[in-house]
Amino acid sequence: MRTLIWFRRDLRIKDNPALTEACRRSSDGVIALYLICSKQWKLHGDSPRKIHFWLRGLRELSQSLSEKNIPLLIKNCDSYSDVPSTILKITEKHKVSGVYFNKEYEINEKIRDSKVIQTLTQNQIECQDFTDRVIVEPGKLLTANHSPYSVFTPFKNSWLKTVEASWSPPLKAPRAQSKISLTPDPIPETCSHYQFENVREDLWPAGEEEAQKRLKRFVKNKALRYQSDRDIPSVPGTSLLSPYLAAGFISPRQAVASLLKNEAKIFKERDTGPATWLNEIIWREFYTHVLELVPRVSKNRPFQLKTENLKWSTSIKDLERWQRGKTGYPIVDAAQRQLLQTGWMHNRLRMISAMFLTKHLLIDWREGEKHFMSHLIDGDLAANNGGWQWSASTGTDAAPYFRIFNPSSQSSRFDPQAKFILRFCPELEGLPLKQIHQPELISTAELRKRNYPERIVDHKEARERAIQAFKDLK
Ligand SMILES: Cc1cc2nc3c(=O)[nH]c(=O)nc-3n(C[C@H](O)[C@H](O)[C@H](O)COP(=O)(O)OP(=O)(O)OC[C@H]3O[C@@H](n4cnc5c(N)ncnc54)[C@H](O)[C@@H]3O)c2cc1C
């Protein structure tokens, strides 16, 4: 039997259940396939940096697969609607009788996959999908009422119990397969619908090997201090693994296994650096479960339906100032500029900036979600949507609407020496720290001299406006 592994956001050979199964079932060679669906990606708002990162990762993947005698075919398939017929043609051409892939949970991907399964099965081709993006399959953890968890802590407790009881180590890379006479396709350098500029390969080398190096470095050097360092944007205290997890250069199981090696009791620990990091991996799982079980969040709708009637501001001018990092609040501007310049933003800043847009500017969270997605190298619908809806108080376990971060106190608490702010807002160099944290203390003349904008809104007034807008919902 000849089999086919269809790679999507699981671009690695180790701990890849679909690849493992394709190799196990094959007696006559394994073929790998990757589909470039750039028109669809563009429609989803995926960023050029992320697409370039994936393409770079494919080079390493193709090389690793070749060493196992598995040729990687790359086909263009603009839209998801063309995927079932494209795969069917490939199976016919290469006499494939089994197709394997790892599950995706976004609504368009789910529709695509069910059509693929239907088409292949109708044509007597075996087709199987696997849980890979998360450790626990969405739907497995439910409340006592058999409904999805909408609060993180009980979800986490249930996740920890389940994973501890059923833990299995990551899968190894497959052995070399029987040779087939098929040459791997070249990896494209360009992609229709996308222009690649300033992709920052220096910051984000792609591939499975780099992901493993980062994980090792994090667990060895940073995990123990994670709890104290993770909220300080000027300190590289987090793993910087999100783009690698989002592309599937590394699996969440590999991340947890690496912690387990050092911390055998990781599932029982509380308040240590590694346990706090594990918590973040569980947040990632939580939002993926929400995406699968509450599909409306995939369709631009809030988790909390009553917030659909919120009267958002439609100020394009305010939105653009926020997008460009010109709000006059240095911590927000530095965050937004980090995103534009590097394709990534520190978690604490994502929360500050998202809350600023949705509460201080009262702009719809969907605008922020879209903007982040179009720039992030780690853009992931579940985590991005979860983070935005948390910040906007429209989501699961969301911040209560009246708890609105004060940008000045966030700034002095998490960037006391303004080291991070000055990296991205160098025009503020030399100002007293108090003024950087409290920009209302900077005179208009000083702002003009430095070409830095006046504050877009006053914190107190903006806070009152946001609270009123939420109260009006009742
Ligand atoms: C408004 C907003 C938007 C976000 N958008 C995304 C996104 O598109 N893609 C994305 O991967 N993360 C997103 N996050 C979550 C988080 O900010 C990033 O995962 C984190 O900053 C990545 O840095 P790291 O890899 O160094 O994380 P670490 O602190 O090292 O955490 C380890 C891993 O856990 C996961 N993780 C950490 N925090 C969260 C979280 N709050 N929710 C879900 N998963 C988490 C990530 O996969 C991360 O790589 C968003 C958060 C907010 C508030």
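In each ligand, atom 1 is the first atom listed, and ligand 1 is the first ligand listed.
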Exercise for the section: Over all heavy atoms of both residues, which pair between Asp333 and Gly328 is shortest? Give the atoms and the distance, please. Expected result: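 Residues Asp333 and Gly328, closest heavy atoms: OD2-N, 2.9 Å.
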
Handout entry: ligand 1: protein residues within heavy-atom distance under 4.0 Å
Key =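 Near ligand 1, by chain and number: Tyr226, Thr238, Ser239, Leu240, Leu241, Ser242, Leu245, Trp277, Glu280, Ile281, Trp283, Arg284, Tyr287, Trp344, Met345, Asn347, Arg350, Met351, Ala354, Phe372, Leu376, Asp378, Gly379, Asp380, Ala383, Asn384, Gly387, Trp388.
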
Practice task
For this output row, return yes or no: ring centroids of Phe414 and His437 closer than 6.0 angstrom.
Solution key: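 No: the rings miss the under 6.0 Å criterion.
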
Exercise for the section: Give a yes or no on whether a salt bridge exists between Lys110 and Glu292, defined as a side-chain N under 4.0 angstrom from a carboxylate O. Expected result: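 Yes.
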
Exercise for the section: Identify whether the distance between the nearest side-chain nitrogen and carboxylate oxygen of Arg350 and Glu369 falls below 4.0 Å. Expected result: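 Salt bridge flag = no for Glu369 with Arg350.
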
Exercise for the section: Return the set of residues passing salt bridge (charged side-chain N to carboxylate O under 4.0 Å, His left out) with Arg348 (not counting sequence neighbours), or none when no residue passes. Expected result: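 Partners of Arg348 under the salt bridge (charged side-chain N to carboxylate O under 4.0 Å, His left out) test: Asp231.
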
Practice task
Classify the ring geometry between Phe286 and Phe155 as parallel (under 30°), tilted (30 to 60°) or perpendicular (over 60°).
Solution key: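 Aromatic pair Phe286/Phe155 classed tilted.
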
